[in-house]
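Heads up: the structure comes next, in structure tokens.
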Protein chains: 2
Amino acid sequence: MLTQQELVERMREWAVRVTPQRLAIAEVVLNSQDHPTVQQIYERVRDHFPSMTLATIYSTLGVLQKSGLIQELPFQRQSRYEPNMEPHVNLVCIECENVIDADTSSDVHDMVVSLRNSVTERSDFEVGWQRVDFYGLCPRCSAAKRRGELAEV
Amino acid sequence: MLTQQELVERMREWAVRVTPQRLAIAEVVLNSQDHPTVQQIYERVRDHFPSMTLATIYSTLGVLQKSGLIQELPFQRQSRYEPNMEPHVNLVCIECENVIDADTSSDVHDMVVSLRNSVTERSDFEVGWQRVDFYGLCPRCSAAKRRGELAEV
DNA sequence: TTTCATGCAAATGATTTGCACTGTA
DNA sequence: TACAGTGCAAATCATTTGCATGAAA
């Protein structure tokens, strides 16, 4: 986790001014675990900045992304935002639509890294970052389905 | 690659009728290598069905996806469609926006499979399919950038 | 004084939806 | 005859853009 000082420095690479609004947005996203949508970020930040608008959120998310601090994850309906830039795996439940990081043990990390190495070894593709999503049913929805509570998929 | 017969059977799981239009769309996507957008599919199918509309394309892509024949890949501006349901890696160029499958050697396949096994071993998440994207610069754009032809990224 | 972030409103554009029409089971 | 797929038009909605205002360098 970055200190606020480091965060400000990173943001200055792409934004001339780092305002309290931007800091608040950055902190909401960087401290999140649930890959929030723009709406969710908006709701969380609005507590501190009632005048906050979506345009400002989008603008700041753009800055954070260009600073390499977060990653946009486009989904079918809308994007979510990922503060974990380390190689890892996302588990996406197709039923409840929650997105969580898979157990971040070092060997999952290492496997993604070596997959990346293996791919770059044999192509001149210059990889900057990656997105690894596994889609399926989370334990809760999986159980609900077994109990017949879910419509057929 | 599926025979047309097998394709029809798979589609019948989710669509009562498999029309010539639907077959044409299915074949365009399933035979594609470039992860086409809806617009691209539209243009390719329109050669054979001048009356084709986007609504029909979207509808058919939904059927193909529910049949497990293709995968929708949402990107920032629009979705692309992936006919390769095998575990593999996509290389996404952030400059020219082309998307290609990484060299489909068996060990890349195996690495994705064991990553998947490793993740499911220690969680009750029921994985159905996966998306593995590496973002960066393709060889062509990478070279252009070194020659200074690209705006700073 | 110049620049840049904010907030608001309007625009954009991919995707979805409603509905009439038509061919097929 | 009933129904599912097609085609067209209209609606939806996330995201982007333009612009006036205000604060910071």
Side-chain angles (χ1 to χ4, degrees), chain A residues 7-29 35-43 45-67 70-82 97 99, chain B residues 7-29 35-43 45-67 70-82 97 99:
Chain A
L7 171 58
V8 169
E9 279 165 23
R10 292 292 297 279
M11 286 187 77
R12 274 205 213 285
E13 294 168 22
W14 295 94
V16 174
R17 296 172 202 163
V18 178
T19 62
Q21 281 96 329
R22 291 195 159 177
L23 269 183
I25 295 167
E27 277 162 6
V28 162
V29 181
H35 306 78
T37 64
V38 167
Q39 279 298 330
Q40 291 172 318
I41 297 165
Y42 179 47
E43 285 156 18
V45 170
R46 207 169 30 173
D47 294 343
H48 302 288
F49 293 89
S51 65
M52 178 70 60
T53 62
L54 287 175
T56 301
I57 306 266
Y58 278 109
S59 156
T60 302
L61 290 172
V63 170
L64 291 171
Q65 189 173 20
K66 284 185 290 186
S67 303
I70 66 172
Q71 186 181 351
E72 180 177 354
L73 302 179
F75 281 97
Q76 175 148 65
R77 336 174 68 100
Q78 69 209 343
S79 287
R80 289 174 170 272
Y81 290 84
E82 166 72 81
E97 304 205 282
V99 181
Chain B
L7 172 59
V8 169
E9 279 165 23
R10 292 291 297 280
M11 286 187 77
R12 274 205 212 286
E13 294 168 21
W14 295 95
V16 173
R17 297 172 200 162
V18 178
T19 62
Q21 281 95 330
R22 292 195 159 177
L23 269 183
I25 295 167
E27 278 163 4
V28 162
V29 182
H35 307 77
T37 64
V38 167
Q39 279 297 331
Q40 291 172 319
I41 297 165
Y42 178 48
E43 285 157 19
V45 170
R46 208 169 29 174
D47 294 343
H48 302 288
F49 293 89
S51 65
M52 177 70 61
T53 61
L54 287 175
T56 300
I57 306 266
Y58 278 109
S59 156
T60 301
L61 290 173
V63 171
L64 291 171
Q65 190 173 21
K66 283 185 292 187
S67 303
I70 66 172
Q71 184 181 352
E72 180 177 355
L73 302 179
F75 282 97
Q76 174 149 64
R77 338 172 69 104
Q78 70 208 345
S79 286
R80 289 173 170 271
Y81 291 84
E82 166 73 80
E97 305 205 282
V99 181

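The chains referred to below are lettered A, B, ... by the order of the sequence lines, with proteins before strands, and numbering in each begins at 1.
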Within this structure, what is the [atom1]-to-[atom2] distance between [X] and [N], rounded to whole angstrom?
{"X": "B:Phe75", "N": "D:dA14", "atom1": "CZ", "atom2": "C1'", "value": "18 Å"}
{"X": "B:Trp14", "N": "D:dA4", "atom1": "CH2", "atom2": "C1'", "value": "16 Å"}
{"X": "A:Met11", "N": "C:dC4", "atom1": "CE", "atom2": "P", "value": "15 Å"}
{"X": "A:Arg12", "N": "C:dC4", "atom1": "CZ", "atom2": "P", "value": "14 Å"}
{"X": "B:Leu23", "N": "D:dA4", "atom1": "CG", "atom2": "P", "value": "19 Å"}
{"X": "B:Phe49", "N": "D:dC8", "atom1": "CZ", "atom2": "P", "value": "14 Å"}
{"X": "A:Ile57", "N": "D:dT16", "atom1": "CD1", "atom2": "P", "value": "13 Å"}

Residue pair B:Met11 / B:Val63, side-chain heavy-atom distance below 4.5 Å: yes
Would you check if B:Leu54 and B:Gln39 make a side-chain contact, meaning some heavy-atom pair closer than 4.5 Å? yes
Could you pull out the protein-nucleic contacts involving nucleotides 19-21 of chain D (nitrogen or oxygen on both sides, under 3.5 Å)?
none

Mind running side chain to side chain contact (heavy atoms under 4.5 Å, CB included) on B:Val28 and B:Ile25 for me, showing each step along the way? CA-CA 5 Å; B:Val28 162; B:Ile25 295 167; 5.8 Å; no
For nucleotides 10-13 of chain D, give me every protein contact, N/O to N/O, under 3.5 Å, one pair per line with atom names.
none

For nucleotides 8-24 of chain C, just jot down a letter per nucleotide in 5' to 3' order: B, S or -, based on protein non-hydrogen atoms under 4.0 Å. B-----SBBB-----BB
Pick one: which of B:Arg80, B:Glu82, B:Gln71 meets side chain to side chain donor-acceptor pair (under 3.5 Å) with B:His35? B:Glu82
Stepwise side chain to side chain contact (heavy atoms under 4.5 Å, CB included) check, A:Met52 with A:Ile57: CA-CA 8 Å; A:Met52 178 70 60; A:Ile57 306 266; 3.9 Å; yes
Heavy-atom pair of closest approach, residues [X] and [Y]:
{"X": "A:Arg12", "Y": "A:Arg17", "result": "NH1-CA, 4.5 Å"}
{"X": "B:Ser79", "Y": "B:Pro74", "result": "OG-CA, 3.5 Å"}
{"X": "A:Phe49", "Y": "A:Ala24", "result": "CE1-CB, 3.6 Å"}
{"X": "B:Ala26", "Y": "B:Leu7", "result": "CB-CD2, 4.0 Å"}

More than 12 heavy atoms of other residues, nucleotides or ligands under 6.0 Å from CZ of A:Arg77: is that the case? no
Can you tell me if A:Arg22 touches the phosphate of C:dC4, counting only side-chain N or O atoms and a distance under 4.0 Å to OP1 or OP2? no
B:Thr19 vs D:dT6: side-chain N/O to OP1/OP2 distance below 4.0 Å: yes
Distance (rounded to the nearest 0.5 Å) between A:Ile70 CD1 and A:Ile41 CD1: 6.5 Å
